[in-house]
J.: 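Right, I'll just put the structure down here and ask away after.
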Amino acid sequence: MGTGQRWWAAIVAAGPPEAPPAKDAAEAPRELETLLAWYAESNELLLSALREAGPERECWTWWAVGVSPANAWGVARRRVHEVLAHTYDAQLAAGAVQPMPADLAIDGVAEFLDTCNSTPAGLAARGPRPSTTTPPRAAPGSSRWTAPAPGPHPSRTTPRPPPSATGTAEQLLLFVW
């Protein structure tokens with residue numbers, strides 16, 4: 001994640017180029033204390049780049065043709081949810097899973113659908129469309145989310161409704177990730 005944070009910091013700082021800057025070839029340190037310090041520094045580099053740029057600054061993103069904004073705010077939102085999902089992975093590996101904040105997890109579902117469900121392949125199959133996400137309304141600790149199918153909308157090709165998944169906000173985030 002530290003290498004990713006550094007790369008996204010460089011992308012946000014560079015502004016709106018046509019292509020991303022080259023990734024830094026440096027590897028993460030292997031010694032635990034040095035690694036933790038490097039990771040904290042990597043996060044601070046990204047946070048500083050985001051603060052300096054402001055939320056509206058355009059920048060290169062791999063999702064620029066999709067629904068999510070190709071700006072510093074879009075990068076910040078993407079990185080928060082990516083870190084959230086990978087933090088869960090690390091906690092699971094350590095046997096110490098902590099619950100995710102439900103509001104953050106459900107926003108992660110919305111962000112994932114808007115970012116990853118609007119890939120060039122999906123857009124080529126169905127054409128651009130507005131954001132596919134709406135805030136869920138549910139009892140605390142659970143929600144129902146309807147995820148659009150990639151490619152042509154199912155209602156255009158079959159009589160069945162789009163696929164959906166039901167679970168807690170955390171379960172849905174882990175499902176889409």
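Values reported hereafter were calculated over all heavy atoms of this structure, with side chains retained and with hydrogens, waters and symmetry mates removed. Just so you know, residue 1 is the first one in the sequence shown, and it goes up from there.
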J.: Would you confirm whether W73, through its side chain, and G54, through its main-chain N or O, come within 3.5 Å as a donor-acceptor pair?
T.: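 Side chain of W73 to backbone of G54, a donor-acceptor pair under 3.5 Å: no, none is there.
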J.: Can you check whether P16's main-chain N or O pairs, donor with acceptor, with E58's side chain at less than 3.5 Å?
T.: no
J.: Between L47 and W38, is there shared hydrophobic-cluster membership here, with clusters defined by ILVMFWY side-chain heavy atoms closer than 4.5 Å?
T.: no
J.: Between V80 and L45, is there a shared hydrophobic cluster once you connect ILVMFWY residues whose side-chain heavy atoms come closer than 4.5 Å?
T.: no
J.: For residues V83 and L36: do they belong to one hydrophobic cluster (side chain heavy atoms under 4.5 Å, members Ile, Leu, Val, Met, Phe, Trp, Tyr)?
T.: no
J.: Around atom CD of E27, are there more than 12 heavy atoms from other residues, nucleotides or ligands closer than 6.0 Å?
T.: no
J.: Which heavy atom in A9 sits nearest to a heavy atom in A49, and how many Å separate them?
T.: O-CB, 3.6 Å
J.: I need the T87 OG1 to E82 CD distance, nearest 0.5 Å.
T.: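 CD of E82 is found 10.5 Å from OG1 of T87.
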J.: Which pair of non-hydrogen atoms, one from W7 and one from P20, has the smallest distance, and what is that distance?
T.: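 Taking W7 first and P20 second, the nearest heavy atoms are CZ2-CB, 3.6 Å.
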J.: Considering all heavy atoms of both residues, which atom of S42 and which atom of R6 are nearest to each other, and what is their separation?
T.: OG-NE, 2.7 Å
J.: Are S68 and T61 close enough, and set up right, to give a side chain to side chain contact (heavy atoms under 4.5 Å, CB included), and what steps lead you there?
T.: CA-CA 10 Å; S68 288; T61 62; over 6 Å; no
J.: Quick check for you: to the nearest 0.5 Å, what is the distance between L104 atom CG and E170 atom CD?
T.: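 Result: 11.0 Å between the selected atoms.
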J.: Within this structure, what is the CD-CG distance for the pair Q5 and N43, rounded to the nearest 0.5 Å?
T.: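 Output value for this atom pair is 4.5 Å.
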J.: Supply the atom-to-atom distance L174 CG to D89 CG, rounded to the nearest 0.5 angstrom.
T.: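 The CG atom of D89 is 8.0 Å from CG of L174, to the nearest 0.5 Å.
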J.: Look at R51 together with E44 and state whether they make a salt bridge at an N to O cut-off of under 4.0 Å.
T.: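 So R51 pairs with E44 through a salt bridge.
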J.: List the atom of V109, the atom of A169, and the distance in Å for their closest heavy-atom pair.
T.: CG2-O, 4.4 Å
J.: If you define the side chain from C-beta out and look only at heavy atoms, does anything of P21 sit under 4.5 Å from I11?
T.: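 Yes, close enough: below the 4.5 Å cut-off.
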J.: Hey, what do you get for CG (L173) to CE (M100), rounding to the nearest 0.5 Å?
T.: 5.0 Å
J.: Parallel, tilted or perpendicular, judged at 30° and 60°: which one describes the rings of W60 and W8?
T.: parallel
J.: Identify the two heavy atoms, one from N71 and one from C59, that lie closest to each other, and give their separation to 0.1 Å.
T.: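 N71 and C59 have their closest heavy atoms at C-SG, 3.7 Å.
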J.: Is it true that, when you exclude E52 itself, more than 12 heavy atoms of the residues, nucleotides or ligands shown sit nearer than 6.0 Å to its CD?
T.: no
J.: Minimum heavy-atom separation for Y88 to V97, with atom names?
T.: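 Where Y88 meets V97 most closely, the heavy atoms are CE1-CG1, 3.5 Å.
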J.: Spell out, as yes or no, whether a donor-acceptor pair under 3.5 Å connects the side chain of R78 to the backbone of E111.
T.: no
